[in-house]
Every structure is written in structure tokens, then in C-alpha cells.
Amino acid sequence: MESAPYSFLVSVNNPVPVSVPLPAHLPPGAETASTVRSTAARAGDPPLARVHTPRTTQRWSRQAPVPFWIHSGLDDSLLCSVHPAAPDVYDLSTADGAPLARITRRAGRVLPWPRRVRWTAQFVGPSQSVTGRVGTWYSWLIYVVTAPVWFVYALCATVYSFIDGSADDFTFGGPTRTRWRVRGVGTVLDHRGISKTYRFSPQRLDARVAYALAILQTWERKR
């Protein structure tokens with residue numbers, strides 16, 4: 001893995017069966033569901049990581065999560081595994097099965113007071129955590145103020161697509177910019193919603209934790 005800061009992107013792929021023979025830790029019929037790629041990679045370069053999941057007839061969701069294994073893109077060695085522990089709670093383990101961190105997602109809400117979705121990784125051992133809130137406060141303010149305009153536009157566009165017979169999706173999501181911070185260190189992982197990339201500082205955060213957070217957040221949005 002690199003030591004200098006770099007940007008990466010999580011791609012959600014159509015599941016592809018993992019090549020045999022399967023590693024002992026993967027279940028029969030395991031599939032490659034995602035890849036983590038550097039934004040600076042050239043065509044033909046291997047990904048930073050591959051994400052394997054059990055074969056299932058249902059797509060991953062927060063209501064029906066499945067475990068997944070993150071493998072190195074260079075030599076296909078196991079980097080870590082992530083297993084659901086409770087609703088919106090995931091245990092991250094090292095390649096040898098030792099607990100590394102617990103990832104939790106706290107839902108956002110409007111009442112009785114607004115709060116943003118929060119992703120947290122609490123490390124095992126030293127009392128340290130990395131926390132990211134989805135959307136900056138000023139982007140949410142702009143989103144709420146301009147929501148009536150976007151609603152009218154989406155409604156008109158949907159009616160037009162129905163008449164025209166096209167299948168375009170004109171729905172609008174909320175702000176997604178997420179900065180994960182460590183107390184006393186600062187920003188260690190920065191998700192930029194427009195480009196959908198993650199800016200990462202390997203010297204400040206374990207890459208396995210960064211990849212797991214990025215994968216979970218990406219899957220939540222796209223599945």
C-alpha cells in the first residue's frame with residue numbers, strides 16, 4: 001500500500017465468481033462485488049483492492065447485510081474481513097481474525113432536532129475513533145432552502161419522461177460530502193460527493209479501515 005496521500009474510487013460491479021481454487025476463508029460460490037481503484041491508475045493497472053461477498057440472490061442492503069472480505073489487488077492476499085454484528089454495526093477483523101475496529105452508522109433525522117448521518121470506526125485497544133458526518137452543514141442549509149425548486153423541476157422532468165417514454169431517473173439525493181476526522185489529528189479520509197472519490201492519508205489512518213468505511217458508504221448509496 002502507498003504511504004503518500006492518494007484518491008480512490010469504489011466501483012460497484014456485477015458480481016463475478018471468484019477464481020478457483022477458493023481461499024479457505026471464502027464461502028463456496030463467493031463473488032467479486034466491488035473494486036477499489038486509485039484515481040491515478042492507468043488502464044490495465046490492478047486495483048488497490050477487490051471485495052468478495054457470498055453468493056446471494058439479493059443485493060446488499062442495510063436491512064440484509066452480508067459479510068465481505070477485502071483482498072489486495074496486487075497479490076489477492078486477504079487484508080481484512082467485515083461481518084455484520086447488529087443493525088448498522090459491523091466488526092472489522094484483520095487477516096488473521098483479530099478484531100481491528102467496530103464500524104457503526106447512526107441514522108440522521110429531522111425531529112426533534114436535525115442531525116446528519118454519522119459513520120464511526122472505533123478501534124480496538126487504544127481509545128481512538130474516526131468519525132465522519134454526511135454532508136456539510138452549509139450544503140444541507142442550501143439543500144433545504146432550494147428544495148422546493150428542485151422538487152418542481154424533478155416533478156416536471158418525471159412527467160415529461162413519462163410522456164416521452166424514457167426511463168431517466170430525476171430524483172435528487174442530499175449532500176454526501178463526508179470528512180472523517182480523528183481527534184488531535186484532523187481529516188484522515190475525505191469523501192467528495194460530486195466526484196464520488198475518497199481522498200486518503202495512509203499515514204494517519206489504517207487503509208483497511210478507510211476501505212471498509214468507503215465500501216459500506218458506497219454500497220449504502222448504490223444498492
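- Follow the hydrophobic side-chain contacts under 4.5 Å out from Leu78 and you never reach Ile215; the two are in separate clusters.
- Taking OG of Ser81 as the reference point, atom CH2 of Trp69 lies at 7.5 Å (rounded to 0.5 Å).
- The two residues Leu79 and Ser72 come nearest to each other via the heavy atoms CG-N, 3.6 Å.
- Val117 approaches Gly108 most closely through the heavy-atom pair CG2-N, 3.5 Å.
- You'll find the ring centres of His191 and Trp119 outside the 6.0 Å limit.
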**Evaluation steps, side-chain contact (heavy atoms from CB on, under 4.5 Å), between Asn13 and Thr35** = CA-CA 8 Å; Asn13 312 322; Thr35 53; 3.6 Å; yes
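- Rounding to the nearest 0.5 Å places CZ of Arg199 at 10.5 Å from OH of Tyr6.
- Inter-residue side-chain proximity for Ser34 and Ser11 is flagged as unmet; no heavy-atom pair is nearer than 4.5 Å.
- Leu48 CG to Leu74 CG: the interatomic distance, rounded to the nearest 0.5 Å, is 8.0 Å.
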**Request:** Could you go through the side-chain contact (heavy atoms from CB on, under 4.5 Å) check for Arg105 and Arg118 one step at a time?
**Result:** CA-CA 6 Å; Arg105 177 191 182 276; Arg118 184 181 70 187; over 6 Å; no
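- The backbone N or O of Ser7 sits nowhere less than 3.5 Å from a side-chain atom of Thr197 that would complete a donor-acceptor pair.
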**Item:** Derivation of the side-chain contact (heavy atoms from CB on, under 4.5 Å) call for Leu213 and Val130
**Value:** CA-CA 10 Å; Leu213 285 167; Val130 52; 4.3 Å; yes
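- Following chains of ILVMFWY side-chain contacts shorter than 4.5 Å, one can reach Phe8 starting from Ile103, so the two form part of one hydrophobic cluster.
- Within the 4.5 Å cutoff, the side chain of Gln128 has heavy atoms near those of the Val182 side chain.
- Checked by atom type, the side-chain pair Thr94/Asp96 shows a donor-acceptor distance below 3.5 Å.
- In Arg55, the CZ atom is not crowded: 12 or fewer heavy atoms of neighbouring residues, nucleotides or ligands sit closer than 6.0 Å.
- By the 4.5 Å heavy-atom criterion applied to side chains, Ser93 and Leu100 are not counted as neighbours.
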**Request:** Starting from the C-alpha separation in whole Å, work towards a yes-or-no answer on side-chain contact (heavy atoms from CB on, under 4.5 Å) for Tyr90 and Leu216.
**Result:** CA-CA 9 Å; Tyr90 310 87; Leu216 286 168; 3.8 Å; yes
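- Put simply, the side chain of Thr187 never gets that close to the backbone of Leu189: no donor and acceptor are under 3.5 Å apart.
- In this structure, the side chains of Lys196 and Leu9 come closer than 4.5 Å at one or more pairs of heavy atoms.
- Between the side chain of Ser201 and the backbone N or O of Arg204, no donor-acceptor pair lies under 3.5 Å.
- Gln63 approaches Pro65 most closely through the heavy-atom pair C-CD, 3.5 Å.
- Heavy atoms of other residues, nucleotides or ligands lying less than 6.0 angstrom from CG of Asn14 number 12 at most.
- The closest side-chain heavy-atom distance from Trp180 to Gln217 is below 4.5 Å.
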**Request:** Give the intermediate values and the outcome of salt bridge (charged side-chain N to carboxylate O under 4.0 Å, His left out) for residues Arg37 and Asp45.
**Result:** CA-CA 9 Å; Arg37 294 186 177 275; Asp45 287 349; over 6 Å; no
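- In this structure, the side chains of His71 and Leu26 come closer than 4.5 Å at one or more pairs of heavy atoms.
- Minimum interatomic distance between Gln122 and Ser129 (heavy atoms only, all atoms of both residues): OE1-CB, 3.3 Å.
- Of all heavy-atom pairs spanning Ser77 and Asp75, the tightest one is OG-OD1, 2.7 Å.
- Cys80 places a side-chain heavy atom less than 4.5 Å from the side chain of Leu92.
- Linking ILVMFWY residues whenever their side-chain heavy atoms come closer than 4.5 Å, directly or via other members, leaves Val16 and Trp219 in distinct clusters.
- Between Phe200 and Tyr211, the ring planes lie tilted relative to each other; the angle falls in the 30° to 60° range.
- Taking 4.0 Å as the cut-off between side-chain N and carboxylate O, Arg106 and Asp88 do not count as a salt-bridged pair.
- A 4.5 Å side-chain heavy-atom check between Arg102 and Val124 finds every atom pair outside the cut-off.
- Listed here is the closest heavy atom pair of Pro27 and Leu22: O-CD1, 3.5 Å.
- For His52 and His25, the ring centers are positioned 6.0 Å apart or more.
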